[in-house]
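So you know, we letter chains A, B, ... as the sequences are listed, proteins then strands, and number each from 1. Here the structure is a predicted model, which is why all the values come from computation and not from measurement.
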Amino acid sequence: MSATFVPKSDFLSVLMERGYIHQCSDFEGVDARAKAGELTAYIGFDCTASSLHVGSLVQIMMLRWLQKTGGKPVPLMGGGTTRVGDPSGKDESRRLLSLDDIEANKTSIKQVFAKFLTFGNGPTDAVMPDNAEWLTALNYIDFLRDVGRHFSVNRMLSMDSVKMRLERDQELSFIEFNYMCLQAYDFVELHRRYGCLLQMGGSDQWGNIVTGIDLGRRMGAPQLYALTSPLLTTASGAKMGKTAAGAVWLNADMLPVYDYWQYWRNTEDADVGRFLKLFTDLPMDEIRRLEALAGAEINEAKKILATEATAMLHGRAEAEAASETARKTFEEGALTTSLPTVEIAAGELAAGVGVLNAFVKAGLVPSTGEARRQVKSGGLRVNDALVTDERAQLTNADLMGEGVIKLSFGKKKHILLAPR
RNA sequence: GGGGGAAUGUCCCGAGCGGCAAAGGGGGCGGACUGUAAAUCCGCUGGCUAUGCCUUCGCAGGUUCGAGUCCUGCUUCCCCCA
């Protein structure tokens, strides 16, 4: 990033100040377009799963800021490319999704975008096209003649992603080699349809985006631009968004709101400031104050981070509730009925359930074997009492005043078992 | 087309004279210490109706009391030659 560049547009000012930018093809160009108003930009999203996860949040936030600063965000669904199966993963074993699956995934993912963006027909309203709309209609010969002739194989071979594979003698399939052509074509098509001038994405997308810019020039589009965000890792180097339990999903039906709140609450000290800037709307002054907190006080900043980030996705009320549940659970050790709850058949409980099985049923541990091991290392608690006998039975006698049994795995994971 | 090598615990890497639930890492999980952090230290890291039973070393057969280990065929990947 050029050190001397001072943005005039709100859009770039915010992005630079908050740390969203890794690379940009032309700061002055993007700045001027944003300043002029109604800059349209897109980011491509996979729809291989029914929910996006935290790893996509930086991208979503960039679109959100674009809209808030007067631009038009275009989240593009990769329905067409999903249908082919993105080969850029290591394994080819990824199953191909049926059309119905893809449609269902799109609907589900759109619900998340609706939380961050305003959709509609206005000039700065977001639209969510699917590249299947044009990719599936492509005719191979036409595509080769109209688009393919603009691609220089010499150049494609010199791209980092390709060069690396060739140097290592790793297989590079033809479809994979073509993937960047399809993505480049998306950019041109989105310019045609929506006047889209900017493509954003993670830093790993740089090569593909620039290829799109090049194709645009050759196909008579005006100057297009690229802007990438840094690849996010935590301060200790782990990738964002994965925990032991799996990915940190954005859809509430795949990850309870309470767990989402906890994910942010457990942020490492060193990441708090960076995350506040990237994942909340809080004003910079406030963030600077929070990240300056030292020692144990930084926990206050983490709570605010958790509540703000959760509120944006799940709503203020849900976020406050999660925060309150956490406060009672951790700071008072009290039982709250708002912890995630798992139901169990009343008759089953009356007859007595082994503790190990109870923890498996609650989904806290994957197997009774694991539960057994955790008992040995003192990691399981029933109603806050350490489990010492792995043969113990849970019965109605264990129900607390609220009519539930509290199961805890480690210090942070709690589930309520409720007879039904 | 010819020759050589490889595939191991369903997270990854990786040892493995015919007695193996299989060394060692990384990662992950739990415990201690803390602040629901990091760092550090300790323990654990196939499944089950469990002093036992079942399933694992690319796939399918075979030899053997016994196969990750030996033999045959197959699949996939890599290297060298044409």
Options [options], nucleotide nearest the side-chain atoms of [X]:
X	options	answer
A:Ser377	B:G30, B:A37, B:C48	B:G30
A:Gln374	B:U45, B:C29, B:A37	B:C29
A:Glu370	B:C29, B:G35, B:U49	B:C29
A:Lys302	B:G30, B:A37, B:C48	B:A37
A:Lys412	B:U36, B:C48, B:C29	B:U36
A:Ala326	B:U36, B:C29, B:U49	B:U36
A:Lys411	B:A37, B:U34, B:G30	B:U34

Please determine, for [N], whether a Watson-Crick or G-U wobble partner exists with both distances under 3.5 Å, and give it or none.
N	answer
B:G18	none
B:U56	none
B:G35	none
B:C44	B:G28
B:G1	B:C81
B:C70	B:G62

Closer to the 5' end of RNA chain B via nearest nucleotide, is it A:Ala294 or A:Gly378?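 Looking at the nearest nucleotide for each, A:Gly378 comes out on the 5' side.
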
In terms of the nearest nucleotide of RNA chain B, which residue is placed more toward the 5' end: A:Thr368 or A:Ala296?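 Of the two residues, A:Ala296 wins.
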
Quickly work out the [X] [atom1] to [N] [atom2] distance and round it to whole Å.
X	N	atom1	atom2	answer
A:Lys376	B:A50	NZ	C1'	11 Å
A:Phe409	B:U45	CZ	P	14 Å
A:Leu305	B:A37	CG	P	15 Å
A:Leu290	B:A37	CG	C1'	16 Å
A:Lys413	B:G31	NZ	P	9 Å
A:Asp269	B:U36	CG	P	11 Å
A:Phe275	B:A38	CZ	C1'	14 Å
A:Lys303	B:A37	NZ	C1'	13 Å

Aromatic ring proximity, centroids under 6.0 angstrom, A:Trp264 and A:Phe279: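 Yes, the ring of A:Phe279 comes within the 6.0 Å limit of the ring of A:Trp264, centre to centre.
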
Can you confirm whether or not the ring centre of A:Phe45 sits under 6.0 Å from the ring centre of A:Phe113?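 Here the rings of A:Phe113 and A:Phe45 have centres that are less than 6.0 Å from each other.
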
Taking any heavy-atom pair under 4.0 Å as a contact, classify [X]: base, sugar-phosphate, or nothing.
X	result
A:Leu380	nothing
A:Gly354	nothing
A:Arg372	base
A:Glu331	nothing

Taking the same atom, [atom1], in [N] and in [M], what whole-Å distance lies between them?
N	M	atom1	result
B:U40	B:G52	C1'	41 Å
B:G58	B:C17	P	15 Å
B:G61	B:G68	P	15 Å
B:G24	B:A38	P	27 Å
B:A15	B:C53	P	33 Å
B:C11	B:C74	P	31 Å
B:U75	B:C59	P	15 Å
B:C57	B:G18	C1'	15 Å

Quick one: does A:Leu399's side chain get under 4.5 Å of A:Leu349's, heavy atoms only?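 Yes, at least one pair of side-chain atoms sits under 4.5 Å.
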
Mind checking whether A:Leu138 and A:Trp134 have side chains closer than 4.5 Å, heavy atoms only?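 No, side chains not in contact.
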
State whether A:Ser367 places a side-chain N or O below 4.0 Å from either non-bridging phosphate oxygen (OP1 or OP2) of B:C48.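 So the side chain of A:Ser367 is within the cut-off, an N or O lying under 4.0 Å from OP1 or OP2 of B:C48.
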
Looking at B:G47, I'd like to know if its phosphate oxygens (OP1 or OP2) sit under 4.0 Å from a side-chain N or O belonging to A:Arg373.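 It does, given that an N or O in the side chain of A:Arg373 lies less than 4.0 Å from OP1 or OP2 of B:G47.
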
Just by distance, do the side chain of A:Asp31 and the backbone of A:Ser9 share a donor-acceptor pair under 3.5 Å?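 Checked: pair present.
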
Donor + acceptor pair across side chains of A:Ser229, A:Gln59 (<3.5 Å):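 On atom types as modelled, these side chains qualify, holding a pair under 3.5 Å.
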
A:Asn357 side chain to A:Thr368 side chain, donor-acceptor N/O pair below 3.5 angstrom: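 On atom types as modelled, these side chains do not qualify, holding no pair under 3.5 Å.
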
What form does the base of B:C42 take, syn (within 90° of 0) or anti?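 Because its glycosidic torsion lies more than 90° from 0, B:C42 adopts the anti conformation.
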
What's the spacing between A:Leu135 CG and A:Asn131 CG if we round to 0.5 Å?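 So the CG of A:Leu135 and the CG of A:Asn131 are separated by 4.5 Å.
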
